[in-house]
*Asks:* 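Dropping a structure here in structure tokens format, bear with me for questions.
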Amino acid sequence: MRGPPSPAEPAMHSDIIFTDLAKELAAKAAEIAEQYVRPGAAKHDKLQEYNWDAARAVAAAGLFGTFVPVEYGGTGAGILPLAMVTEALARADSGFGVAFAVNALGSFPIILGGTDAQRKRWLPAIAKGEKMVAFCLSEKFAGSDASGLSVTATLEGDEYVIRGEKKWTTNGGVADIYSVFAVTDPTSKSRRISALVVEKGTPGFSVEKVEDKMGIRCVPVVETHFDNVRVPKENLIGERPGMGFKHAMMTLDMARPGVAAQAVGAAQGALDLALVYANRRKQFGAPISSFQMVQKMLADMATKTEAARWLVYSCAGAIDQGGAGAPAVSKKAAMAKCFATDVAMEVATDAVQIFGGYGFMEDYPVAKCFRDAKILQIYEGTNQVQRMVIARHLIKEAGELEHLQQYIPVETQNAYAADGATSSA
Ligand code: CAA
């Protein structure tokens, strides 16, 4: 029998290393957040307008290069710096946090699965912020069940012809490059799907329904339609069909710490507002921050936010230390996404409560914090899916705990044989 596991397995630990580059990028993001993101957040939210000024400032500061490797024009800073930058931007406006981070989500299929030629073709412009990116996976009838896609890409001569509709394309219309997941082999179970790049302006490609959303209103979420869209076969990511589902899952493992970081920023942003308000607002002759029930709320909000932050940093740090594709990354990414986004919702709800009637009014940004938080629990995999992923990993990892069998009641081990018949134990 195998001995007890060392403390490093199966939990997967990482040394969290904040490089000078990471700190510099995060500081730049915090500056841009206060100068370009926060002041216009209410207007962009109300009008459902993209914040181009902030995007240009992010591009000028080189922040879109955070997630692009150096050899393709980025800073190659990695997932932890990406999380720190996303958090800083989201602290001022959670919607702008996703407007930034979705470019990483759309680029990861190319970074993870693309050929060298494909990376050279698309990534340098993404790193400079000259081209925005979107990720087209979900469809009307395929959300959590990401393998149940119906959009097809059929090889005709030297071209793939894409037909069908995608739903919930974040950044649709703003983006120039779309990573599109489509069925290339309907007869295969495990190699059914491939990812292709479709560029804006390709005949037959259109942005159709621009959604009217509860939150994150400064970033468009649309339907993308593919009416016999022809792309050269060189646009098939990795130039090997059938790798799409794997690439989608690996992409989501890399991107979920980004949503989690957005959630940490969103929670911190709501807490910041609640703190300032609680110190200012007087009732019964004293600031409400002097009342124990309000203090309890503030203390819990801050503690949960800090716990979420370190789970995100730990997950992002582990990916940077070479973990992409490892099962432990998948579990940790799901944990970070699920925990941090639940925290963001709880903290935003409590922030509204602290603001009382004012919190319920759209005159103040705290109502927007609340509206923006909800989607975090839904997109890039619902928190139900995250819990399913976590539980699947835990159940597999339980195999590593054989040495604990001796502490389990014998009756529960032997009462039934594998076929359901009562054993003689
Ligand atoms: N990394 C690499 N490969 C993986 C993987 C991972 N994390 N997870 C699964 N796979 C592989 C498996 O090894 C298996 O490969 P083989 O067929 O070769 O054995 C294959 O993928 C199928 O795996 P499962 O049987 O586990 O797949 P499943 O059908 O049970 O689905 C799921 C698993 C976790 C539910 C997955 O479908 C999922 O993550 N769903 C949620 C999708 C999602 O997050 N959608 C959001 C899209 S983005 C968005 O929200 C919009 C936006 O723009 C922000």
Side-chain angles (χ1 to χ4, degrees), residues 86 90 94-95 97-109 112-113 132-149 151 166-175 177-181 185 188-195 207 211 213 215-216 219-224 238 240 242-263 315 318-319 323-338 341 372 374-393 395-396:
T86 305
S94 182
V98 68
F100 167 72
V102 75
N103 291 284
L105 173 71
S107 302
F108 285 145
L112 293 169
M132 302 290 171
V133 200
F135 181 77
C136 303
L137 177 66
S138 301
E139 300 177 0
K140 274 184 192 158
F141 302 108
S144 293
D145 181 7
S147 62
L149 304 182
V151 167
K166 290 286 177 184
K167 190 87 182 158
W168 319 130
T169 306
T170 306
N171 233 12
V174 166
I177 294 172
Y178 295 77
S179 293
V180 181
F181 292 81
D185 183 357
S188 170
K189 193 167 181 298
S190 59
R191 297 285 177 265
R192 206 173 151 257
I193 294 165
S194 304
V207 164
E211 305 288 351
K213 307 182 295 302
I216 61 157
V219 58
V221 173
V222 306
E223 282 182 12
T224 38
R240 220 175 108 213
M243 300 306 291
F245 191 73
K246 225 162 200 124
H247 289 159
M249 292 300 108
M250 287 166 69
T251 290
L252 288 165
D253 287 346
M254 297 270 279
R256 281 173 182 155
V259 185
Q262 188 200 332
C315 170
I319 295 176
V329 162
S330 199
K331 182 183 75 177
K332 224 167 172 177
M335 285 175 163
K337 195 274 176 185
C338 182
T341 61
D372 285 349
K374 186 62 215 169
I375 190 63
L376 294 162
Q377 296 175 301
I378 298 170
Y379 63 20
E380 290 195 38
T382 63
N383 284 4
Q384 286 74 16
V385 162
Q386 309 308 322
R387 288 183 167 91
M388 187 181 89
V389 169
I390 297 163
R392 281 183 182 180
H393 283 289
I395 291 162
K396 255 192 219 149

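Starting from 1, each residue takes its place in the sequence as its number. Each ligand, and each atom within it, is numbered from 1 in the order the structure gives.
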*Asks:* Can a salt bridge be assigned to the pair K167 and E139 using a cut-off of 4.0 Å between side-chain N and carboxylate O?
*Replies:*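 Not counted as a salt bridge, because no side-chain N and carboxylate O are separated by less than 4.0 Å.
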*Asks:* Would a 4.5 Å heavy-atom cut-off, applied to side chains only, mark S179 and F108 as touching?
*Replies:*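 Side-chain contact under 4.5 Å: no.
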*Asks:* Output the distance between atom SG (C315) and atom CE (M335), rounded to the nearest 0.5 Å.
*Replies:*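 With rounding to 0.5 Å, SG (C315) is 10.0 Å from CE (M335).
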*Asks:* For ligand 1 and R256, I'd like to know whether there is a polar contact (N/O to N/O, distance under 3.5 Å).
*Replies:*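 N/O-N/O distance under 3.5 Å: yes.
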*Asks:* Judging by distance only, is a nitrogen or oxygen of V102 under 3.5 angstrom from one on ligand 1?
*Replies:*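 The answer is no, given that V102 and ligand 1 share no N or O pair closer than 3.5 Å.
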*Asks:* Compare M249, Q386, K331, M243 and give the one whose heavy atom is closest to atom 9 (C) of ligand 1.
*Replies:*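 Among M249, Q386, K331, M243, the closest heavy atom to atom 9 (C) of ligand 1 comes from M249.
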*Asks:* Using a 4.0 Å cut-off to any heavy atom of F135, which atoms of ligand 1 qualify?
*Replies:*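 Atoms satisfying the 4.0 Å criterion: 48 (S).
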*Asks:* Which atoms of ligand 1 have any heavy atom of M388 under 4.0 Å away?
*Replies:*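 Answer for ligand 1: 35 (C).
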*Asks:* Which residues pass the side chain to side chain contact (heavy atoms under 4.5 Å, CB included) test with A334, not counting sequence neighbours?
*Replies:*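 Partners of A334 by the side chain to side chain contact (heavy atoms under 4.5 Å, CB included) criterion, ordered by chain and then number, come out as Q386, V389, I390.
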*Asks:* Within the 4.0 Å heavy-atom shell around M250, which atoms of ligand 1 are there?
*Replies:*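 Matching atoms, with element in brackets: 1 (N), 2 (C).
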*Asks:* Relative to ligand 1, is S138 under 4.0 angstrom through side chain, backbone, both or neither, heavy atoms considered?
*Replies:*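 The part of S138 near ligand 1 is the side chain, not the backbone.
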*Asks:* State the atoms of ligand 1, each with its element, that fall below the 4.0 Å cut-off from a heavy-atom position in V389.
*Replies:*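 Taking each heavy atom of V389 in turn, ligand 1 has 34 (C) under 4.0 Å.
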*Asks:* Is there a nitrogen or oxygen of T170 sitting under 3.5 Å from a nitrogen or oxygen of ligand 1?
*Replies:*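 It does: an N or O of T170 is found under 3.5 Å from an N or O of ligand 1.
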*Asks:* Is there a side chain to side chain contact (heavy atoms under 4.5 Å, CB included) between D185 and R191 once you walk through the steps?
*Replies:* CA-CA 7 Å; D185 183 357; R191 297 285 177 265; 5.6 Å; no
*Asks:* Who gets closest to atom 41 (C) of ligand 1 by heavy atom: S144, G258, A134, A146?
*Replies:*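 When every heavy atom of S144, G258, A134, A146 is considered, S144 comes closest to atom 41 (C) of ligand 1.
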*Asks:* Do F181 and F245 have ring centres separated by under 6.0 Å?
*Replies:*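 No; F245 has its ring centre 6.0 Å or more from that of F181.
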*Asks:* With a 3.5 Å cut-off and no angle check, do the side chains of T251 and D253 form a donor-acceptor pair?
*Replies:*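 The criterion, which ignores hydrogens and geometry beyond distance, is not satisfied for D253 and T251.
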*Asks:* Below 4.0 Å, non-hydrogen atoms only: which portion of R392 touches ligand 1? Side chain, backbone, both or neither.
*Replies:*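 The answer is the side chain.
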*Asks:* Of all residues at least two apart in sequence or in a different chain, which pass the salt bridge (Lys or Arg N to Asp or Glu O under 4.0 Å) check with R387?
*Replies:*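 Residues passing salt bridge (Lys or Arg N to Asp or Glu O under 4.0 Å) with R387: D342.
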*Asks:* Going by the order shown, which atoms of ligand 1 are within less than 4.0 Å of some heavy atom of S190?
*Replies:*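 Near S190, meaning under 4.0 Å from one of its heavy atoms, ligand 1 has 17 (O).
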*Asks:* If you count the atoms of ligand 1 from 1 in the order shown, which ones are under 4.0 Å from a heavy atom of K246?
*Replies:*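 So the atoms of ligand 1 that pass are 3 (N), 13 (O), 15 (O), 18 (O).
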*Asks:* I need the single residue from D372, V219, I375 that forms a side chain to side chain contact (heavy atoms under 4.5 Å, CB included) with S94. Which is it?
*Replies:*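 Only match with S94 under side chain to side chain contact (heavy atoms under 4.5 Å, CB included): D372.
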*Asks:* Which one holds for Y379 and ligand 1: side chain close, backbone close, both close, or neither close, with close meaning a heavy atom under 4.0 Å?
*Replies:*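 The answer is both.
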*Asks:* Using a heavy-atom cut-off of under 4.0 Å, does the side chain or the backbone of T382 touch ligand 1, or both, or neither?
*Replies:*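 Within the 4.0 Å criterion, T382 makes no contact with ligand 1.
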*Asks:* Mind checking the NZ-CG spacing from K246 to L112? Nearest 0.5 Å is all I need.
*Replies:*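 Spacing of NZ (K246) from CG (L112) equals 13.0 Å.
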*Asks:* Dump the intermediate steps for side-chain hydrogen bond (donor to acceptor under 3.5 Å, both in side chains) on T169 and N171, then the final yes or no.
*Replies:* CA-CA 6 Å; T169 306; N171 233 12; over 6 Å; no
*Asks:* State the atoms of ligand 1, each with its element, that fall below the 4.0 Å cut-off from a heavy-atom position in D253.
*Replies:*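 Near D253, meaning under 4.0 Å from one of its heavy atoms, ligand 1 has 1 (N), 6 (C), 7 (N).
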*Asks:* Please state which part of D145 comes within less than 4.0 Å of ligand 1, counting heavy atoms only: side chain, backbone, both or neither.
*Replies:*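 No part of D145 is near ligand 1 at this cut-off.
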